[in-house]
Amino acid sequence: EIVANSPWGGESLERNGAVSASLDFVSSATSTICCSIISGPISVITDNIMAGNYPDLPRAVKGISSDGGGIGAFYAGWWPQMAG
């Protein structure tokens, strides 16, 4: 009975199912975008170091930003990352 009377369980979820589903979708999409904003540049740096393009982190950051157009170079391949 406690669950049925709480705002997070029972019939309140049944009545607000559409709101809950859309809220879940929006929160999931927002968290995915936020995480990819952080992980995208990390992946670019890691891939370049592992490929042997740069020997260490400081040189990789400096090289990527100066070779490929500043901050935008760290987001190369961002759309495929979002799709995968």
Side-chain angles (χ1 to χ4, degrees):
E1 286 186 34
I2 294 173
V3 173
N5 294 329
S6 76
W8 298 284
E11 64 184 76
S12 67
L13 282 179
E14 293 172 11
R15 286 183 298 192
N16 297 325
V19 173
S20 294
S22 60
L23 183 61
D24 286 345
F25 176 77
V26 170
S27 64
S28 176
T30 303
S31 65
T32 300
I33 291 169
C34 290
C35 287
S36 70
I37 287 171
I38 300 298
S39 66
I42 293 171
S43 295
V44 170
I45 293 168
T46 303
D47 291 345
N48 275 284
I49 292 173
M50 290 178 65
N53 297 334
Y54 302 103
D56 54 20
L57 179 64
R59 290 182 191 165
V61 171
K62 185 176 180 181
I64 293 168
S65 64
S66 64
D67 290 346
I71 298 295
F74 291 101
Y75 292 96
W78 188 74
W79 285 110
Q81 178 186 359
M82 290 298 294

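Values in this document were obtained by computation on a predicted structure and should not be read as measured data.
A pairwise comparison of heavy atoms in I64 and Y54 identifies N-OH, 3.6 Å as the closest pair. In terms of heavy-atom proximity, K62 sits nearest to S65 at O-OG, 3.1 Å. Listed here is the closest heavy atom pair of S36 and P41: O-CD, 4.3 Å.
No path of Ile, Leu, Val, Met, Phe, Trp and Tyr side chains, each step under 4.5 Å between heavy atoms, connects M50 with V61, placing them in separate hydrophobic clusters. Hydrophobic clustering of Ile, Leu, Val, Met, Phe, Trp and Tyr side chains at less than 4.5 Å, counting indirect connections, keeps I71 apart from I42. Cluster annotation: I38 and V44 are assigned to distinct hydrophobic clusters (Ile/Leu/Val/Met/Phe/Trp/Tyr, side-chain heavy-atom contacts under 4.5 Å, transitive).
Within the structure, side chain to side chain donor-acceptor pair (under 3.5 Å) pairs that include any residue of residues 37-47 comprise S39-Q81 (at least two apart or interchain).
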Between I49 and D56, does the side-chain contact (heavy atoms from CB on, under 4.5 Å) criterion hold? Intermediate values first, please. CA-CA 7 Å; I49 292 173; D56 54 20; 5.9 Å; no
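Side-chain atoms of S28 do not come within 3.5 Å of backbone N or O of D24 as any donor-acceptor pair.
Taken to the nearest 0.5 Å, the CD1 atom of I37 stands 15.5 Å off from the CZ atom of F74.
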